[in-house]
Amino acid sequence: MFSPQQDVEVGKKAALDAAKQLPSCNAPKVDAYLTQLGTRLASKLSTGGVQYPFEFHCVNDKVMNAFALPGGFVFINRGAIEAADNEGQLAAVLAHELSHVALRHGTNQATKAQWAQGFLGIAGGIFGGSTSGTLLTGLGAFAAGGVLLRYSRTAESQADVMGTQVLYDAGYDPRGMAQFFEKLEAETKGKNPPEFLSDHPNPEHRVERVNDEIERLGGIPANAKRDSAEFEAIKREVLALPVVKKAAPGAAGAAAAPALPSSNFAEYQANSYNVKYPDNWKKYPDSNGGVSFAPEGGILDDGSGHAALAYGLIVSVAQIQGDAKDSNALENGTRQVFQDLQKANPKMKIQRQGEHVRLNGQPGLSAYLTNDSPAGGLETDWVITVLRPEGLHSFICVAPQPAYSNYDKTFSSILDSVRFEK
């Protein structure tokens with residue numbers, strides 16, 4: 001649903017926002033080197049004749065990561081430069097990211113979200129204006145950019161193959177691509193995956209596929225470039241840069257708290273239930289059948305460019321493992337919900353264990369959890385689970401701890417309004 005020109009529009013606005021939020025290396029020589037290397041690689045991209053205004057920026061973050069926004073706006077963490085053993089490996093990172101731009105994976109993801117009335121709720125009219133404007137209102141440009149960077153494994157595999165071709169055509173040893181991914185995989189052993197793999201899901205047989213592509217290209221080109229004196233000098237400069245401490249999400253410059261919930265309610269009808277929510281909140285259906293409700297300003301950047309709910313309600317329906325008729329099925333299913341939440345939110349803790357309640361006459365469990373809030377500090381998450389024939393329904397009420405008392409009655413009214421289909 002996006003034209004290449006709209007790719008540039010989306011990426012440019014998101015890049016301006018990202019540049020304000022991410023710590024810059026403030027190293028003109030490093031940016032100039034990245035621009036020279038990136039331009040050389042971009043000249044070998046197949047873009048269908050589209051001229052993208054490529055930009056390359058060094059981010060003062062020691063996490064091994066890089067990303068490219070639609071239209072060609074590329075950000076490389078110092079951690080990726082420091083991790084690379086030679087220029088060929090750094091070129092591989094850039095070639096991979098540039099391939100996402102040429103293949104237009106970011107706005108492809110946004111189009112899928114629109115078709116599915118996904119989390120951004122584009123089809124629900126929360127943004128308005130042009131198609132590209134849908135990604136730049138409500139969440140903020142960089143937070144919207146997080147949606148543009150959530151690639152599938154298929155997209156990752158495509159970027160690996162095209163990136164290998166770009167390296168080959170630019171005269172680099174294409175084995176740098178496989179070597180960098182081997183380095184990433186080594187980082188995953190015994191700990192959480194690096195941030196790069198959180199945003200770039202690791203396809204099956206990644207290294208083997210790169211090596212297969214090298215063989216299809218005819219093997220390693222003669223006089224293939226692996227390193228340069230320029231890279232070694234730039235790496236030394238990067239290693240000498242002062243380390244910037246990351247600001248906590250919601251710290252200085254955080255958005256103002258949203259307006260308090262309205263006492264008037266709108267109704268949302270799902271396949272298996274209906275629920276009422278404050279009429280000054282918006283609904284954000286996702287592609288998995290769930291839905292979130294939040295006030296204006298209730299969805300914030302979590303500090304990494306990804307959108308996170310800070311105020312509001314998340315409703316989901318999931319199939320449980322095991323026998324749904326088992327007497328402990330509700331408890332087991334709820335435990336699985338908590339485990340899934342904690343996988344995505346490692347700092348989430350159970351504050352109060354599940355207590356038996358009833359929701360619309362149905363037996364359920366009520367529990368309280370705590371987590372880091374994207375608004376800063378801690379949040380309270382009140383979770384109600386109910387097991388129905390169609391699956392385990394989870395209602396997660398979210399607000400920062402200092403503001404939770406302003407939302408408690410509203411959350412209770414929302415839950416009291418839930419009606420399950422008979």
Side-chain angles (χ1 to χ4, degrees), residues 37-38 41-42 44-47 61-70 74-77 79-109 112 146-221 224-227 231 304-306 343-344:
L37 177 58
L41 296 165
K44 304 301 180 181
L45 280 175
S46 175
T47 63
D61 189 332
K62 291 183 77 70
V63 171
M64 192 193 305
N65 202 6
F67 66 88
L69 292 162
V74 185
F75 291 78
I76 306 97
N77 282 11
I81 300 172
E82 293 171 355
D85 294 326
N86 51 55
E87 185 171 279
Q89 291 182 10
L90 179 60
V93 176
L94 290 174
H96 176 94
E97 296 302 332
L98 289 167
S99 296
H100 282 306
V101 174
L103 293 165
R104 307 184 62 214
H105 283 152
T107 46
N108 176 262
Q109 288 296 103
K112 289 178 182 176
V147 178
L148 300 169
L149 304 176
R150 292 294 178 124
Y151 304 126
S152 67
R153 283 179 171 80
T154 299
E156 286 303 305
S157 186
Q158 291 173 351
D160 290 350
V161 171
M162 177 178 272
T164 303
Q165 296 166 354
V166 168
L167 285 176
Y168 184 95
D169 291 342
Y172 282 95
D173 185 339
R175 290 176 297 185
M177 183 75 72
Q179 291 164 1
F180 190 81
F181 291 133
E182 286 172 340
K183 186 181 291 286
L184 277 171
E185 288 176 4
E187 284 285 314
T188 68
K189 292 181 179 177
K191 50 185 167 180
N192 291 330
E195 196 168 314
F196 184 91
L197 293 183
S198 298
D199 292 339
H200 301 68
N202 200 352
E204 293 285 330
H205 310 297
R206 178 172 229 166
V207 171
E208 293 92 329
R209 188 169 289 107
V210 169
N211 289 332
D212 287 346
E213 186 61 25
I214 293 172
E215 289 302 313
R216 291 191 185 95
L217 292 168
I220 310 305
K225 186 174 182 178
R226 295 185 70 250
D227 208 358
F231 170 78
S304 65
H306 299 143
K343 282 181 183 177

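As a basis for the values below, the full set of heavy atoms in this structure was taken, side chains included, without hydrogen atoms, waters or symmetry mates.
A salt bridge does not link R209 with D160: every distance from a Lys NZ or Arg NE/NH1/NH2 to an Asp or Glu carboxylate oxygen is 4.0 Å or more.
Closest approach of V166 and A95 over heavy atoms only: CG1-CB, 4.1 Å. Closest of all the heavy-atom pairs between V74 and L94 is CG1-CD2, 4.1 Å. Among all heavy-atom pairs drawn from A66 and V93, the shortest one is CB-CG1, 3.8 Å. Nearest approach of L90 to F231, heavy atoms of both residues: CD2-CE1, 3.9 Å. Here the shortest heavy-atom pairing between V207 and F181 reads CG2-CB, 4.3 Å. The shortest non-hydrogen separation linking A102 to T47 is CB-CG2, 4.2 Å.
For the atom pair CD1 (I220) and CD1 (I214), the distance works out to 4.5 Å, reported to the nearest 0.5 Å.
Counting only distance, with no hydrogens or angles, the side chain of S99 and the backbone of G163 share a donor-acceptor pair below 3.5 Å. No donor-acceptor distance shorter than 3.5 angstrom exists from the side chain of S157 to the backbone of R153, with no hydrogens or angles considered. Panel note: side chain N77, backbone V63; a donor-acceptor pair is recorded below 3.5 Å.
Residues satisfying the side chain to side chain donor-acceptor pair (under 3.5 Å) test with K44, not counting sequence neighbours, are none. In terms of the ring pair (Phe, Tyr, Trp, His ring centres under 6.0 Å) criterion, residue partners of F75 (sequence neighbours excluded) are, by chain and number, H57, F67. Residues meeting the salt bridge (charged side-chain N to carboxylate O under 4.0 Å, His left out) test with D85, sequence neighbours left out: K183. Residues satisfying the side chain to side chain contact (heavy atoms under 4.5 Å, CB included) test with Q158, not counting sequence neighbours, are L103, H105, T154.
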Distance-only criterion, 3.5 Å: show the donor-acceptor pairs between side-chain atoms of residues 173-180 and protein atoms not counting sequence neighbours.
| residue | atom | partner | partner atom | Å |
| --- | --- | --- | --- | --- |
| D173 | OD1 | R175 | N | 2.9 |
| D173 | OD1 | R175 | NE | 3.0 |
| D173 | OD2 | R175 | NE | 3.0 |
| D173 | OD2 | R175 | NH2 | 2.7 |
| Q179 | OE1 | Q89 | NE2 | 3.3 |

Discussion item. Could you go through E87 and Y172, starting from their C-alpha distance and side-chain angles, then the distance that decides it, and tell me whether this counts as side-chain hydrogen bond (donor to acceptor under 3.5 Å, both in side chains)?
Written reply: CA-CA 9 Å; E87 185 171 279; Y172 282 95; 2.6 Å; yes
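A heavy-atom distance below 4.5 Å is not found between the side chains of D169 and L41.
Among the candidates H96, E97, R104, the single residue satisfying the side-chain hydrogen bond (donor to acceptor under 3.5 Å, both in side chains) test with H100 is H96.
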